[in-house]
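Heads up: the structure comes next, in structure tokens.
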Amino acid sequence: MELEHKAYWAIKELNYAYDAAGEKRKLQLHELEELRNDAYESAKIYKEKTKAFHDNKLLHKQFQPGQKVLFFNSRLKLFPGKLKSRWQGPYIVTKVYPHGAVDIKNGETGFEFKVNGHRLKHYLEAPFDIAAESVTLKEPVI
């Protein structure tokens, strides 16, 4: 008789504990959902800050028609050269589009084509002709 009473008491306590366990589980799920939302917001804020930092470091290049530019040739990967420059030119800007594309023309051949403005950089000419200037060296007098 005493054993039956203890079993009945344990079952009764467990039945009451189901409601409390369910409430506790709901609270745990809500807490987990809050943590997930906080992590999502933190990641979103981090991405926004990283994007703002990156965009702040970008240089916006403005090109005008008639200006000389250098063109980055990315196809030189097929023929690797350790010291070979990938910047070719100078080319002359013929037209600038509002979405960032630029028409350039080769001054020697007259070949004209359209490229992305990110693949161009300004060409700075030397104020003097390097090939025409020469320096003669003399033996030191002792």
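- Annotation: side chain of I104 is not in contact with side chain of I92 (no heavy-atom distance under 4.5 Å).
- Nearest heavy-atom pair across G117 and F63 is O-CE1, 3.7 Å.
- Taken to the nearest 0.5 Å, the CG atom of N37 stands 10.0 Å off from the CG atom of L32.
- Taking the side chain as every heavy atom from C-beta outward, K121 and W87 approach each other to under 4.5 Å.
- Checked against the 6.0 Å centroid criterion, the rings of F113 and F71 qualify as a close aromatic pair.
- For NZ of K95, the number of neighbouring non-hydrogen atoms (other residues, nucleotides, ligands) closer than 6.0 Å is 12 at most.
- Cluster membership check: F111 shares its hydrophobic cluster with V93, using side-chain heavy-atom separations under 4.5 Å among Ile, Leu, Val, Met, Phe, Trp and Tyr.
- Taking NE2 of H60 as the reference point, atom CD of Q62 lies at 9.0 Å (rounded to 0.5 Å).
- Separating the CD atom in E31 from the CG atom in L29 is a distance of 10.0 Å, to the nearest 0.5 Å.
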Task: Verdict with supporting geometry, E33 and R36, salt bridge (charged side-chain N to carboxylate O under 4.0 Å, His left out) - done: CA-CA 5 Å; E33 189 68 28; R36 183 179 296 138; 3.0 Å; yes

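- Contact check for L120 versus L70: no side-chain heavy atoms found under the 4.5 Å cut-off.
- To the nearest 0.5 Å, atoms CD (Q88) and CG (N73) are separated by 4.0 Å.
- Side-chain contact between T94 and E112 is present, with at least one heavy-atom pair separated by less than 4.5 Å.
- Here the shortest heavy-atom pairing between Q67 and H122 reads NE2-ND1, 2.9 Å.
- Here H118 and F72 keep their ring centres 6.0 angstrom or further from each other.
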